[in-house]
Amino acid sequence: MQVAVVTFDGFNELDSFIASAVINRCRRDGLEAFITTPTPVVTSMNGVDVTGQRSFDFVTEADVVLIGSGVKARDVVADGQLLSMLPLDASRQLIGAQCSGALVLSHLGILGDMPACTDIMTRPYVEARGVTVLDVPFHAEGNIATAGGCLASHYLGAWVITRTLGEEAAREVLDYVAPVGENDEYVERAMRAIHAGELTPR
């Protein structure tokens, strides 16, 4: 099972790297995430240059696609050619968005009438698209999920693991990455957020 962590120029390091790192704790179980970029190199919002592990062609092959966040999200959604390189299919892929990634999903027509989570800066732009923005860190319906707030990115990663390998696998990964001495609290909080944010398909 392969995960495309879609990462645009101007990306937020926390959003792309945390989700990717959490998921890649499951490589031995056949679940692997790749930083997937529209150009060979992208530069983060803080000036960090990153070489993509996969090109956008990989998006159509991936079992899971996570749309990362960044300071250039409005430039991304204004670029029709770039959006056309993201032919997502929620009938066969798990699709998630982190923060301003929800704006991208909205422009791709993926959200429909589903409410979403996003960051406070992106919220008005998502709402302007007619999407209801929730004051929670995570929400999922069927194969589509959104997370709001940089440090909610591990919820998105744990959701992917739960949906592909099961809850026990997600708990094991969260326990490993949790701050020492806060393991139980950290794991339970994450799983509560995921379960509270999940709805069956409409």
Side-chain angles (χ1 to χ4, degrees), residues 1-7 11-37 52-54 56-69 86-99 101-102 104-105 110-111 114 116-117 136-180 182-202:
M1 293 171 286
Q2 300 185 108
V3 182
V5 180
V6 175
T7 303
F11 73 95
N12 184 317
E13 300 94 334
L14 293 173
D15 294 345
S16 288
F17 292 156
I18 291 176
S20 178
V22 166
I23 292 167
N24 278 329
R25 292 285 175 188
C26 297
R27 279 198 190 104
R28 68 185 185 279
D29 297 313
L31 180 64
E32 189 167 10
F34 301 90
I35 300 297
T36 303
T37 57
Q53 296 172 291
R54 294 289 187 274
F56 262 26
D57 292 342
F58 176 63
V59 169
T60 58
E61 304 172 22
D63 304 288
V64 182
V65 180
L66 302 182
I67 307 295
S69 184
L86 295 169
L88 307 185
D89 184 355
S91 70
R92 64 175 184 83
Q93 294 174 310
L94 295 180
I95 299 171
Q98 176 67 37
C99 290
V104 177
L105 289 192
I110 298 293
L111 292 178
M114 173 181 164
C117 305
V136 295
F138 178 83
H139 179 74
E141 295 187 19
N143 287 346
I144 304 169
T146 57
C150 300
L151 294 182
S153 52
H154 71 291
Y155 294 164
L156 200 57
W159 173 76
V160 170
I161 298 170
T162 299
R163 287 293 307 272
T164 55
L165 298 176
E167 182 172 324
E168 187 57 36
R171 285 178 172 272
E172 288 180 7
V173 170
L174 290 170
D175 183 73
Y176 185 91
V177 302
V180 172
E182 299 179 2
N183 301 68
D184 290 346
E185 174 189 353
Y186 189 89
V187 172
E188 293 307 321
R189 182 173 63 247
M191 298 313 299
R192 279 198 308 270
I194 292 169
H195 289 314
E198 284 186 320
L199 292 175
T200 55
R202 301 186 197 192

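When a residue number appears, it is its place in the shown sequence, counting from 1.
- Rounded to the nearest 0.5 Å, atoms OH (Tyr155) and CG (Leu174) are 9.5 Å apart.
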Next on the checklist: Please evaluate residues Leu88 and Leu105 with respect to the criterion side chain to side chain contact (heavy atoms under 4.5 Å, CB included), reporting the C-alpha separation (whole Å), side-chain torsions for both, the decisive distance (0.1 Å), and the verdict.
Outcome noted: CA-CA 9 Å; Leu88 307 185; Leu105 289 192; 4.0 Å; yes

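- With rounding to the nearest 0.5 Å, the separation of OG1 in Thr164 from CE in Met1 is 4.5 Å.
- The side chain to side chain donor-acceptor pair (under 3.5 Å) search around Thr146 returns none, not counting sequence neighbours.
- The ring-ring contact (aromatic ring centres under 6.0 Å, His included) check on Tyr186 picks up His154, with sequence neighbours excluded.
- Remark: Phe11 pairs with Phe17 by the ring-ring contact (aromatic ring centres under 6.0 Å, His included) rule, at least two apart or across chains.
- Taking the side chain as every heavy atom from C-beta outward, Ile35 and Arg54 never approach each other to under 4.5 Å.
- Contact between Ala152 and Ala147 at its shortest, heavy atoms only, is O-CB, 3.9 Å.
- Counting only distance, with no hydrogens or angles, the side chain of Gln93 and the backbone of Asp89 share a donor-acceptor pair below 3.5 Å.
- Note on residues 154-169: pairs passing salt bridge (Lys or Arg N to Asp or Glu O under 4.0 Å), not counting sequence neighbours, are Glu167-Arg171.
- By the 4.5 Å heavy-atom criterion applied to side chains, Ile18 and Gln98 are not counted as neighbours.
- Across every non-hydrogen atom of Ala102 and Ala97, the tightest pair is N-CB, 3.5 Å.
- Expressed to the nearest 0.5 Å, how far CD of Gln2 lies from OG1 of Thr36 amounts to 9.5 Å.
- Contact annotation: the side chain of Glu172 never approaches that of Ile161 to less than 4.5 Å [non-hydrogen atoms, C-beta and beyond].
- Looking at every heavy atom in both residues, Thr7 comes nearest to Thr37 through O-CG2, 3.5 Å.
- Contact check for Asn24 versus Arg27: side-chain heavy atoms found under the 4.5 Å cut-off.
- Of all heavy-atom pairs between Phe138 and Ala193, the closest is CD2-O, 3.8 Å.
- The nearest pair of heavy atoms linking Glu32 to Ile23 is C-CG2, 4.4 Å.
- For the atom pair His139 NE2 and Met114 CE, the distance stands at 4.5 Å (nearest 0.5 Å).
- Here the straight-line distance linking atom CD1 of Ile67 with atom CG of Asp15 works out to 12.0 Å at 0.5 Å rounding.
- In this structure, the side chains of Leu94 and Asn143 come closer than 4.5 Å at one or more pairs of heavy atoms.
- Of the possible polar contacts, none joining the Asp175 side chain to the Asn183 backbone as a donor-acceptor pair under 3.5 Å is found.
- Within the model, atoms CG of Leu66 and CD1 of Ile95 stand 10.0 Å from one another, a figure rounded to the nearest 0.5 Å.
- Nearest approach of Gly68 to Ser16, heavy atoms of both residues: CA-OG, 4.5 Å.
- In this view, Arg189 and Glu185 satisfy the salt bridge (Lys or Arg N to Asp or Glu O under 4.0 Å) rule, not counting sequence neighbours.
- Remark: Asp63 pairs with no residue by the side chain to side chain donor-acceptor pair (under 3.5 Å) rule, at least two apart or across chains.
- Residues Asn12 and Cys150 are in side-chain contact: their nearest non-hydrogen atoms beyond the backbone lie under 4.5 Å apart.
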